[in-house]
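One structure is given here, and the rest of the page talks about it.
Each residue takes its place number in the sequence, starting with 1. All ligand and atom numbering here is 1-based and tracks the order in the structure. Please read all numbers here as calculations on a predicted model, not as lab measurements.
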Amino acid sequence: MQLSSLLQRFNEPETLKMAKLGREMRAKGIDVIDLSLGEPDFDTPQHIKEAAKKAIDENWSHYPPVAGYMDLRQTICDKLQRDNTLIYTPENIIVSTGAKQSIANVILALLNAGDEVVIPTPYWVTYSALAQMACSKVVFIHTTADTGYKVTAAALERALTHHTKLFIFSSPCNPTGAVYTKEELKILVDVFKKYPDVYILSDEIYEYINFTGNPHYSIAQFEALKERVIVVNGLSKGFAMTGWRLGYMAAPLPLAKACEKIQGQFTSGANTIAQRAAIAALQQSFVPTKTMVSAFAQRRAKVSAWLQQMPELIGAIPDGAFYIFPYIKKYLGKKYNEETMHNATDLCMYILNEAKVSTVTGSAFGNADCMRISFANSMENVEEGLNRIKHALSKLH
Ligand code: PLP
């Protein structure tokens, strides 16, 4: 079959691949612990589910406006003002089928073939896959544990050119858990000021999963950049609503309009029931989110203690999100029986087959010397999974 050339420009996400392999093994009755998960292991809070049930009973069953219900878009503006001191009007807000669609909208609305997109590594793989689909040129900024996996002014300056159209990053970051402070963002803002044609997509989906004790800071809060920043956020992580598929963006008006036009041809408005539920999520009790985040904080402490016992795994303790991203370089080239660990993918497959724990290879995030271990699983499973990984690693020679 002659399929389109577009398919050759990107791969199936490794994150989904590993979860799928783990699921297949579990279906065969094998006890696999899933530490590859990119979603909270919690149920959606009850009051949000009640709002959805009510929406079904009230027959919110017709096509919604492409950009989202006006009262939801107003609620999102209220949230952005309350949590981030950002002032937007509903015209700036486009509600989508997950933050993933918001990012796709922005990329399709902004980029032409050959435009440069700058993405720091490690990155969430969808950024580069979508940019490649749009035939743009992806320029990576490699960050390491030395800078806390954050971009420095010098590295940004080196990467930006007069062909750069878009810079995409997440804070808190998937997979490293890095969280930019206001001061660190300010340093980047000063560089962006020299490149007035560059837009910045700020993916803030892990906003609430922040262990720093400081409020989340958005790069859109710098007035000098506000007209060039697109804030992307959603309900998936902070409200345990991954399957509801509800995300949104706040963008400068012309871009919001362009994204509405694109979304109008792809999917139209996001699911009506999820939109009504999102109003309850963003307006009502944050207690379930706080309870969930404090459970993540306890597991983070466990994972951090484990990392400290394993100095050969150089791993930063995450400030946000629910992953660690340790270096596994010391294990590369080692063997188990006759099987050599050539790269992170081999090591993750070995851990899956030998320890029965699924993780994700760092190459899925643009760093083949690392692996991602998620702690979005029960404390018991996290503990058991880490013990199994440690034991499997000790068998390599
Ligand atoms: N951005 C990042 C950094 C993510 O890790 C994810 C999901 O894993 C998303 C966006 C997508 O979120 P959504 O479920 O709203 O599409």
Please determine which of Ser268, Ser96, Ser102 meets the side-chain hydrogen bond (donor to acceptor under 3.5 Å, both in side chains) test together with Gln263. Ser96
Could you tell me whether some N/O pair between Thr242 and ligand 1 is separated by less than 3.5 angstrom? no
Lys237 N/O under 3.5 Å from ligand 1 N/O: yes
Give a yes/no verdict on whether any heavy atom in Ala99 is under 4.0 Å from an atom of ligand 1. yes
Test of ring centre spacing under 6.0 Å for Tyr180 and Phe169: yes
Could you say whether the N/O atoms of Tyr206 and ligand 1 ever approach to under 3.5 Å? yes
Kindly give the heavy-atom pair with the smallest separation between Lys150 and Glu184, and that separation in Å. NZ-OE1, 3.0 Å
Could you report the tightest heavy-atom contact between Arg300 and Pro318, atom names first, then the distance? NE-O, 2.6 Å
Strictly distance-based, threshold 3.5 Å: is any side-chain N or O of Thr44 a donor or acceptor partner for the main-chain N or O of Ala240? yes
Logged contact type for Arg245 with ligand 1, heavy-atom cut-off 4.0 Å, is side chain
Are any of the N/O atoms on Tyr323, whether in the backbone or the side chain, positioned under 3.5 angstrom from an N/O atom of ligand 1? no
Trp60/Tyr69 aromatic ring centres below 6.0 Å: yes
Among non-hydrogen protein atoms, atom 9 (C) of ligand 1 lies closest to Trp124 CH2, 3.3 Å
Got an N/O contact under 3.5 Å between Lys100 and ligand 1? yes
Any idea which part of Ser236 is under 4.0 Å from ligand 1, heavy-atom wise: side chain, backbone, both or neither? side chain
Just distances here: any N/O of Leu246 and N/O of ligand 1 closer than 3.5 Å? no
Show which atoms of ligand 1 fall inside a sub-4.0 Å distance from at least one heavy-atom site of Gly98. 15 (O), 16 (O)
Under 4.0 Å from a heavy atom of Tyr127: give me the atoms of ligand 1 that qualify, with their elements. 3 (C)
Taking the six-membered ring for Trp and the full ring for Phe, Tyr or His, determine whether the centres of Tyr208 and Phe286 are under 6.0 Å apart. yes
Examine Phe296 together with Phe211 and report whether their ring centres are nearer than 6.0 Å. no
What atoms of ligand 1 come within less than 4.0 Å of a heavy atom belonging to Asn174? 3 (C), 4 (C), 5 (O)
Testing Ser170, Ser218, Ser171 one by one against Glu204 for a side-chain hydrogen bond (donor to acceptor under 3.5 Å, both in side chains), which residue passes? Ser218
Of all the non-hydrogen atoms in the protein, which one sits nearest to atom 2 (C) of ligand 1, and at what distance? Asp203 OD2, 3.4 Å
